Amino acid sequence: MVTSEPVRLSLVVRMYEVERYLPDFLDSLGAQQPGPYQAELLLVDDGSPDGSGQLAADWLAEVSAESLFTGQVISQANAGPSAAANAGLDAATGDWISWPDPDDMLDEGYLSAVAEFILANGDQPPATVDTKLVMFTEPDGLIEDSYVYRFKYESGARVASLAAEPTLVTGRTNNVFFQLPLVREFGLRFDPRVRASEDELFVASYLLQVDDPRVGVLPEALYLYRRRAAGGGLAAEAVARPDFLTIHMNQVALPLGRLAAERNQGRI
């Protein structure tokens, strides 16, 4: 059964020193095709020292007047990506939530394709909707279907069980939508201690608590992941630390192992 109610989508955008890239991201939002959705933007200024927050506020005021999106800019002292993700999570009012990165871009049919897919599976919605990530390379703007997990999309749009196809699992939140009521039911948060792999920890904690998780795979919705010519970024800095593997084991791998054991009679 397909319902006529629009899908309420919440997009949480974590902003820190992204003024250079933010116009491209906002332009991609402004170019979204209409569809059976209502989009809420939660732009979290995580104490960014540049003009990201004001740029986002000016853009949101302009598009809100045209009723394209609703939302707000949330300003806070710098506390890291996990705290920014949680600030947006707390304010979200949609049915589905995603955390796109402000240095990336969305294809013009992105939100409409996601909403139509969710509505088409309205009787038994999947736990997640995984859109197709493609690579956008600076400085030439080349778009390549070279993402390492591109095999997931070769069979077209579908819903599948992770028990039957475990390779469909994801560790990302930027190009994936989650059922917001389930996130809140499970009491999930991003761990503020984790500055790399915080998304991986969140996604795995979510999927481990869903009974027989089914995931949606949607190649028609393209997410353009930017390869920065200048390099950098919080994740790259965290991975470069000499104690990265120790931190990852203690803050990501072991907590997930304990949760898996609790959900599976002591076995991981």
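Worth saying up front: this structure is predicted, and the values here are computed from it rather than measured.
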Are [X] and [Y] close enough that a side-chain donor and a side-chain acceptor fall under 3.5 Å?
X	Y	value
Tyr225	Asn175	no
Tyr16	Ser52	no
Asp212	Ser161	yes

Can you list every ring pair (Phe, Tyr, Trp, His ring centres under 6.0 Å) pair that touches residues 158-185, not counting sequence neighbours? Phe178-Phe202, Phe178-Tyr206

Check for a donor-acceptor pair, side chain of [X] on one end and backbone N or O of [Y] on the other, with a separation under 3.5 Å.
X	Y	result
Arg150	Tyr147	yes
Gln32	Ser28	yes
Ser48	Met15	no

What distance do [X] atom [atom1] and [Y] atom [atom2] have between them, rounded to the nearest 0.5 Å?
X	Y	atom1	atom2	result
Gln209	Glu185	CD	CD	9.0 Å
Trp99	Glu198	CH2	CD	11.0 Å
Met105	Leu222	CE	CG	12.0 Å
Leu41	Leu9	CG	CG	10.0 Å
Arg158	Asn121	CZ	CG	12.5 Å
Lys132	Asp107	NZ	CG	11.5 Å

When you group the ILVMFWY residues by side-chain heavy-atom contacts below 4.5 Å and let the links chain together, are [Y] and [X] in the same group?
X	Y	answer
Val73	Val63	yes
Val217	Val210	yes
Leu26	Leu224	no
Leu162	Val183	yes
Phe136	Leu142	no

Close side-chain approach of [X] to [Y], heavy-atom, < 4.5 Å:
X	Y	answer
Leu180	Asp95	no
Trp96	Ile118	yes
Tyr37	Arg8	no
Thr173	Val203	yes
Pro100	Phe25	yes
Thr128	Arg214	no
Leu42	Leu11	no
Val44	Val12	yes

Please report the shortest heavy-atom distance between [X] and [Y], naming the atom on each side.
X	Y	answer
Ala160	Glu165	CB-OE2, 3.4 Å
Gly71	Leu60	C-CD2, 3.4 Å
Tyr223	Leu106	CD1-CD2, 3.4 Å
Pro49	Glu17	CG-OE2, 3.3 Å
Ser82	Pro192	CB-CA, 3.5 Å
Ala115	Pro36	CB-O, 3.5 Å

I would like to know whether Leu119 and Val7 meet side-chain contact (heavy atoms from CB on, under 4.5 Å); could you show each step before the answer? CA-CA 7 Å; Leu119 289 174; Val7 179; 3.6 Å; yes

Contacts satisfying salt bridge (Lys or Arg N to Asp or Glu O under 4.0 Å) that involve residues 67-91 (not counting sequence neighbours) are Asp90-Arg189

Sequence neighbours excluded - salt bridge (Lys or Arg N to Asp or Glu O under 4.0 Å) pairs with any residue from residues 32-53: none

Show your working on side-chain contact (heavy atoms from CB on, under 4.5 Å) between Leu168 and Tyr149 and close with a plain yes or no. CA-CA 9 Å; Leu168 295 181; Tyr149 293 114; over 6 Å; no

Residues in ring pair (Phe, Tyr, Trp, His ring centres under 6.0 Å) with Phe69, at least two apart? Trp59

Check this for me: does any side-chain nitrogen of one of [X] and [Y] sit under 4.0 Å from a carboxylate oxygen of the other?
X	Y	value
Asp130	Arg172	no
Arg14	Asp199	yes
Arg227	Glu144	yes

Could you walk me through whether Thr137 and Arg226 pass the side-chain contact (heavy atoms from CB on, under 4.5 Å) test, one step at a time? CA-CA 6 Å; Thr137 304; Arg226 183 191 298 266; over 6 Å; no

By salt bridge (charged side-chain N to carboxylate O under 4.0 Å, His left out) - contacts of Arg193 (at least two apart): Asp191

Go through the structure and list residues passing salt bridge (charged side-chain N to carboxylate O under 4.0 Å, His left out) with Asp103, not counting sequence neighbours. Arg228

When you look at Val176 and Thr131, which way does the side-chain contact (heavy atoms from CB on, under 4.5 Å) test go after all the steps? CA-CA 6 Å; Val176 179; Thr131 67; over 6 Å; no

